[in-house]
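Here's the structure we're looking at; comments come further down.
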Protein chains: 2
Amino acid sequence: MIMPRTFDLGIIRGTGMTVAPSATREKIVTAADRLFYERGFEATSFADVAELVGISRGNFYYHFKTKDQILDAVIERRIRDRHEMLCGWVDDGQPPRDCIANFIGILLKNNRKIRSFGCPVGTLFSELTKLDHPGETGARGLFDLFRVWLRHRFQDMGCGKEADALALHILARSQGVATLANAYPDEDFLEREVAQMLAWLDAVADQHNNHH
Amino acid sequence: MIMPRTFDLGIIRGTGMTVAPSATREKIVTAADRLFYERGFEATSFADVAELVGISRGNFYYHFKTKDQILDAVIERRIRDRHEMLCGWVDDGQPPRDCIANFIGILLKNNRKIRSFGCPVGTLFSELTKLDHPGETGARGLFDLFRVWLRHRFQDMGCGKEADALALHILARSQGVATLANAYPDEDFLEREVAQMLAWLDAVADQHNNHH
DNA sequence: GACAGGTTAGGACAAGCGACCTAATGATAA
DNA sequence: TTATCATTAGGTCGCTTGTCCTAACCTGTC
């Protein structure tokens with residue numbers, strides 16, 4: 001397991017020291033995280049975030065020098081959250097097949113948000129790529145997190161060299177399902193596709209159980 | 001086959017008459033189509049389009065009253081182009097299996113653009129949804145065009161009631177592959193997934209050949 | 001030449017944006 | 001109390017945006 005980015009656990013502001021994160025800063029990141037997801041990064045203004053947090057606009061400059069820094073903090077948090085979630089499943093001692101099934105299950109767990117706004121990872125990456133925004137690297141890091149984690153689970157299942165291709169495959173399937181669930185928000189489609197993905201997963205598992 | 005939108009084949013400008021489309025208007029739509037795809041709708045300004053076309057900014061108002069009208073025209077053209085492409089395959093007398101294979105082949109044919117900017121349909125829809133933009137309906141119409149066409153091809157293959165689910169499935173797979181090809185622009189992934197989709201298609205075809 | 005109608009260029013306009021500054025506030029420690 | 005320093009509110013700045021207006025430009029026909 002590789003942490004794709006170093007984590008800024010607090011405010012540094014020139015002192016070179018790591019301090020406990022400010023409560024307001026965390027509120028800003030939380031609000032920005034939500035608005036970047038629901039409205040997109042560019043369409044979200046400082047005023048929007050300030051209104052949601054309930055603070056003054058001008059106050060932002062104290063916590064973040066630029067809008068890009070807020071984006072970095074949001075991506076950082078998203079990576080940390082997903083990282084914890086994924087590692088939690090492994091630490092629980094769940095077998096790799098169940099871990100991957102949990103990943104697929106995210107689509108159902110978050111089905112309402114996904115049907116409204118698509119996948120937080122895919123839509124953010126897509127937007128930043130089009131904007132030629134440096135944050136694209138961080139957004140790709142989110143993909144990397146899932147890709148590497150899935151690869152390791154498939155390796156644990158004994159898939160060997162195929163593991164990375166399988167990881168990308170299931171990642172792509174999830175992205176596609178999220179996109180179409182967003183365009184056609186009827187619940188049946190999502191459940192149907194998740195069931196198919198789980199069946200596919202079990203077929204892969206069986207195939208490698210029989211071989212070894 | 002249903003045309004999801006009526007086509008405005010020219011400029012109306014109050015007269016209620018349909019006139020031959022102006023050359024400048026077509027240039028504007030072409031440039032906007034490209035920029036909306038490469039940079040996104042909101043991030044593309046009138047100045048950007050004007051520069052690409054080589055005309056004055058202020059001139060836009062003569063051809064389009066608002067930016068939204070340009071978007072409508074772009075979506076209209078995209079629908080018309082895809083409609084012609086899809087109908088062309090059917091009119092050529094290609095069997096349904098080959099028609100669907102052609103659809104999957106779009107991913108390879110446009111692989112360079114897709115790896116750079118993602119899928120023109122999916123990314124546009126995703127952006128407009130987040131913006132709560134009325135053009136979302138038109139963008140969904142693009143999905144509808146493919147969905148209905150694919151459904152009819154699967155029906156022609158004898159898939160009956162499953163046809164629509166199969167159409168959505170292959171649509172979702174395409175979307176996911178495009179998204180990940182955008183994030184990881186190495187050629188192998190795209191070719192691998194396309195091969196898998198074609199294998200899946202043949203499996204579906206065989207299944208329904210044996211049954212009947 | 002004179003005229004008319006479709007077309008174009010260039011600029012004006014208010015609104016909103018990110019970035020930035022400064023004075024006021026609040027809590028803590030001497 | 002006083003001093004200190006982190007934090008906040010409110011406002012300004014230059015810039016870009018979409019929208020809109022008007023004068024000039026073609027390119028025909030009379």
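The analysis underlying the following values was restricted to heavy atoms, covering all of them including side chains, and did not include hydrogens, waters or symmetry mates. Each chain gets a letter, A, B and so on, in the order the sequences are listed, and its residues count up from 1. Note that this is a predicted model, so its numbers are computed, not measured.
- In this structure, A:Tyr62 atom OH and C:dT22 atom P are separated by 17 Å, rounded to whole Å.
- Salt bridge annotation for A:Arg80-A:Glu76: absent, with no cationic side-chain nitrogen under 4.0 angstrom from a carboxylate oxygen.
- Here B:Asp164 pairs with B:Arg147, B:Arg151 under the salt bridge (Lys or Arg N to Asp or Glu O under 4.0 Å) rule; sequence neighbours left out.
- Atom-to-atom, OH of B:Tyr61 to P of C:dG6 comes out at 16 Å; the value is rounded to the nearest Å.
- Whole-Å rounding puts the A:Phe64 CZ to C:dA19 P distance at 13 Å.
- A sub-4.0 Å separation between OP1 or OP2 of D:dA6 and a side-chain N or O of A:His63 is absent.
- Under the side-chain contact (heavy atoms from CB on, under 4.5 Å) criterion, B:Glu42 pairs with A:Glu42, A:Ala43, B:Glu127, B:Leu131, sequence neighbours left out.
- Not a single side-chain hydrogen bond (donor to acceptor under 3.5 Å, both in side chains) links A:Gln155 to another residue, sequence neighbours left out.
- Residue B:Thr66 has its side chain nearest to D:dT19 when only C:dG6, D:dT19, C:dA19 are considered.
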Report each atom pair, protein N/O against N/O of nucleotides 15-17 of chain C, whose distance is under 3.5 angstrom.
| from | atom 1 | to | atom 2 | distance (Å) |
| --- | --- | --- | --- | --- |
| C:dC17 | OP1 | A:Ser45 | OG | 3.4 |

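- Pairs engaging residues 175-185 of chain A under the side chain to side chain donor-acceptor pair (under 3.5 Å) rule: A:Tyr184-B:Asp144 [sequence neighbours left out].
- Taking a 4.0 Å limit (strictly below) on heavy-atom distances, residues 50-60 of chain A reaches DNA chain D at A:Ile55, A:Ser56, A:Gly58, A:Asn59.
- Between B:Phe103 and B:Phe146, the ring-plane angle classifies as tilted under the 30° and 60° cut-offs.
- For residues 44-58 of chain B, the pairs satisfying salt bridge (Lys or Arg N to Asp or Glu O under 4.0 Å) are B:Arg39-B:Asp48, with sequence neighbours left out.
- Rounded to whole Å, atom P of D:dT17 lies 16 Å from atom CG of B:Asp68.
- Evaluation of the salt bridge (Lys or Arg N to Asp or Glu O under 4.0 Å) rule for B:Arg82 yields no partner, not counting sequence neighbours.
- Here ring-ring contact (aromatic ring centres under 6.0 Å, His included) pairs that include residues 121-141 of chain B, with residues two or more places apart or in two chains, are B:Phe41-B:His133, B:Phe125-B:Phe143.
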Which atoms of nucleotides 24-26 of chain C (N or O only) lie under 3.5 Å from a protein N or O atom, and what are those distances?
none

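- An OP1 or OP2 oxygen of C:dG6 is reached within less than 4.0 angstrom by no side-chain nitrogen or oxygen of B:Ser22.
- With sequence neighbours left out, the side-chain contact (heavy atoms from CB on, under 4.5 Å) criterion links B:Thr66 to B:Asp68, B:Gln69.
- Going from atom CG of B:Leu131 over to atom P of D:dT17 covers 16 Å, rounded to whole Å.
- Residue pairs meeting the salt bridge (Lys or Arg N to Asp or Glu O under 4.0 Å) criterion with at least one member in residues 178-193 of chain B, sequence neighbours excluded, are B:Arg115-B:Glu187.
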